[in-house]
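Some notes on the structure that comes next.
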Amino acid sequence: MSAQYSFTEIEKKWQAAWENSKLYSVQIDPSKPKYYALDMFPYPSGSGLHVGHPLGYIASDIVSRYKRLNGFNVLHPMGYDAFGLPAEQYAIQTGQHPSVTTEQNIKRFREQLNIMGFSYDWDRQVKTCDPNYYQFTQRIFALFFNHWYNKSAQKAEPLSTLEAHFSANGSADHNAHGGKITEFSAQDWQGFSPVQKHNILNQFRLAFIDETTVNWCEAMGTVLANEEVINGLSERGGYPVIRKKMKQWSLRITAYADRLIEGLERIQWSDAIKEIQKNWIGRSQGAEIDFVVRGTLKTLKVFTTRPDTIFGATFMVVAPELENLKEYCSDALWPAVQEYANKAKNRSEIDRMADTTKTGVFTGLEAINPFTGEPIPIWVSDYVLANYGTGVIMAVPAHDDRDFAFAKAFNLSIIPVIKPANTELELPLTESFSAKDGICFNSGFLDGLTVKEAIQAAITKVEKAGWGQAKVNYKLREAGFGRQRYWGEPFPITYDSQGIPQLENQLPVELPQVESYKPSGNGESPLSAVSDWVNTAQGKRETDTMPGWAGSSWYFLRYTDPNNSEVFASKEALQYWQQVDLYVGGSEHATGHLLYSRFWTKFLFDLGYISWDEPFKRLVNQGMIMGEDGQKMSKRWGNVVNPDDVCAQYGADTLRMYEMFLGPLTDSKPWNTNGIEGVSRFFGKFWRLFYDGENWAVSTEKASNEELKILHKTIKKVTEDIESMSFNTSVSAFMVATNELGTLKCRKREILEPLLILLAPFAPHIAEELWHQLGNKESIHIANWPQYNASFLVENSFNYPISINGKTRAQMEFELTASEDEIKQAVLNHEMVIKWMEGKPLKKFILVKGRIVNVVV
RNA sequence: GCUCGGGUGGCGGAAUAGGUAGACGCGCAGGACUUAAAAUCCUGUUUUCAGUAAUGAGAGUACGGGUUCGAUUCCCGUCCCGAGCACCA
């Protein structure tokens, strides 16, 4: 036992003790309530952790320890999101196998995490690159492949039920979410070849082969991930990147669009993240309306959210990428249109972004506005996107910015049909009037209606007349699931001689060794060169691998039963541990991991594997810790602070406490090396409550009311603060308590022992050490959280601020039981009050019990 | 451009069912202990004016209004900063 606070010794000793006794190892225990606290597992990068990384880990560790002390059975695991690009890029440069560098990095991460004293159950560690893990990622993919989405039942169902429907009824009333198939009868279906059947089923499988747009870098001969493209140029080398169509696997996330929006209402996430997800899904309500192409039998179908403006539609615009573009174009003008379409197709991302001026060509044809019967010209322009809505719009230049700019550029007519409620429009328009509140005019039967009413009226008319119907569109796209890379999960898919994909029945399909990690140059993954792996008895293997988010979309389920080799987790484990109660991590995953995890959870819920359909009940996004210079912490700026160094100099408890003290968890804030001294001094003072110089000084003397009051106000404050994750103010509560007890020279066990338990979640090592020095044999981390007793906090009098006309002029002490009249009499006779009233009559006397007195004259 | 956050001392930040603004910490200044330093402890620290001082008076939570006995907190408008989306019809 040392009289000095020697954190190095203490922290090493207790970390070893906790590991040896498996203190944080957790098992299913139906006699206790469960709590599941999870950190977003890290990608084990080569540069290790900086002080920003543990911020969220410390917060979740405090909550985990707090819940454990409150009798919960706490699942608090950690693992590694271990597949990904950086390891592969490093392999390309050095030839080192990604599994080797990944293992090295994981070892380093584990060391760093251990130094900080987290209460992880390391027996539950998962690694997404481990075949024992990814065999289940492959199995879940297989489930997606074998299911379709039933729109009327609003859930995923086995493909066999859809096949049965086709076999019995053909394509009629199939209710499946997915592609546009031509109609067929039951007999047709029975006569279809395997390839024909595959082509149809592929349009409904939840994992399916899709034409998707990828980032193609011609100079490097490879497909690039979004994070490798910066401002339309490749991150390495700065070569131009274009969009290219490519066949690859996708997941049909759009089937879940509405449920992904609806589910947000049932979870405790920040409004910011909910808003980001809502915008990303981008649900918009409107109508699809058919416009007849003049002089033909063809129609152009448009999507609009503003059918109220249809009397102002003065032209149509078709996206240049539209497949049947030629049909909407006169023969004479086709060459010009085709030239424009080709140019648009090859336009690089950087051009598109730099240039927002409107370009386009006339197709030579006209469409008939069904409401006015007037012919309007059909144009082609790249400001209309082929993959949103129908790829065709009705342009209303008077009420849409983009249409207005286009009309100006090509001198097309502009007809206003909506005006503000109280004023007239100034004509001619100098910009579009796109506000969604206004009154219709120039619009036949819609005249005088508000925008809202007119939208409804127009849709009703469209549906009655058979020109179209109400329609909901989403910005959300199907999730591209293939990567032309090596370091990822192989697909459990082979293709037979006719090119039909089949599931492999032996899992895992393991990633083979390759000679080179370089991309093949033709857009295929390095796996395509491994011919004895590609060619199997069952057929040719898929050579793409899964994206980084495959393994991370379900890892929180695996922690409940990490070593199960039969199923991804047992029913029993899933039933006990259920949802993640608290999820802590960065907000940068809002439209990636956090959306995909919700999607996979809903899918597994539909299939009955789990009994809840939202993975993370409560989400907290920790802020970033900036460098001392206020910039983002990065090697590039030379402002990185390593937690190992901080722990070596000040100790892990000080690092933990200081990170919490910096400010609200969710805020971004700069690191300040000076500031840590304050926390370090706090631990010195705290230690000296137990030691008087060289001597152990804790006494068993009975505590005074004043001392008990300090303890109980701290219990109350710290408990409430942990519940609301307001850790910075609980740190200050500890400092206040320590200062006050120090002033009173209070060294009483009755006070200090409960105080240690309060401190244990924040500073587990020093708390454990002093706890044992007090003579306790069991760990402090399995003690009982102290309960605060309100009777110690009851005040019987209050020192009221007395204000005259809102300005504080005096202080007066009154019993809380004093009546208003008593107080009023005393206050009005107070000399300062008489002075400030200046003889004016009393207008009003306000007393807020226990708060304030205000005299109004 | 649209959406969502947010503006409080030299700095990080406290305090919002409306009720003494600046808790706690850093930094800074002064002091005690010491031969000296480290460590520790004590005092002061929003700002302006008056006073040797205790103290007193005024201003003050981005800016301008409003509601109220009373506004950092609620409402309206403006400015600034940050984040997300971005030709989504």
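Being a predicted model, the structure only gives us computed values, none of them experimental. Note on naming: letters A, B, ... go to the chains in the order of the sequence lines (proteins, then strands), and numbering restarts at 1 for each one.
At most 12 non-hydrogen atoms from other residues, nucleotides or ligands lie less than 6.0 angstrom from NZ of Lys461(A).
Among the atoms of the strands shown, base atoms are found under 4.0 Å from some heavy atom of Asn799(A). Residue contacts shown for Arg283(A) are absent, as no nucleic acid heavy atom lies under 4.0 Å away. In this structure, Asn674(A) reaches the sugar-phosphate backbone alone: every heavy-atom distance under 4.0 Å involves primed, P, OP1 or OP2 atoms, never a base. Using a 4.0 Å heavy-atom distance criterion, Val736(A) is classed as a sugar-phosphate-only contact.
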*List the protein contact pattern of nucleotides 7-13 of chain B with one symbol per nucleotide (5' to 3'): B for base contact, S for sugar-phosphate-only contact, - for none; contact means a heavy-atom distance under 4.0 Å.*
-----BS

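Residue Val731(A) is the one, among Val731(A) and Leu476(A), whose nearest nucleotide of RNA chain B lies closer to the 5' end (criterion: closest heavy atom).
Listed pair Tyr388(A) / rA89(B) meets the phosphate criterion, a side-chain N or O lying under 4.0 Å from OP1 or OP2. Contact check, Arg681(A) against rC26(B): a side-chain N or O comes under 4.0 Å of OP1 or OP2.
For RNA chain B, runs of at least 3 consecutive pairs of the Watson-Crick or G-U wobble type, with both hydrogen-bonding distances under 3.5 angstrom, map to B:1-7 with B:79-85, B:10-12 with B:24-26, B:27-32 with B:40-45, B:46-50 with B:55-59, B:62-66 with B:74-78.
Taking atom C1' on both rG13(B) and rG1(B), the two are 34 Å apart, rounded to the nearest angstrom.
A salt bridge is defined here as a Lys NZ or Arg NE, NH1 or NH2 lying under 4.0 Å from an Asp or Glu carboxylate O, and Lys835(A) with Glu831(A) fails to meet this definition.
Side chain Lys358(A) to base rC87(B): a donor-acceptor pair is found below 3.5 Å.
For the pair Lys358(A) and Phe406(A), the NZ or CZ position fails the cation-pi test of under 6.0 Å to the six-membered ring centre and within 45 degrees of the ring normal.
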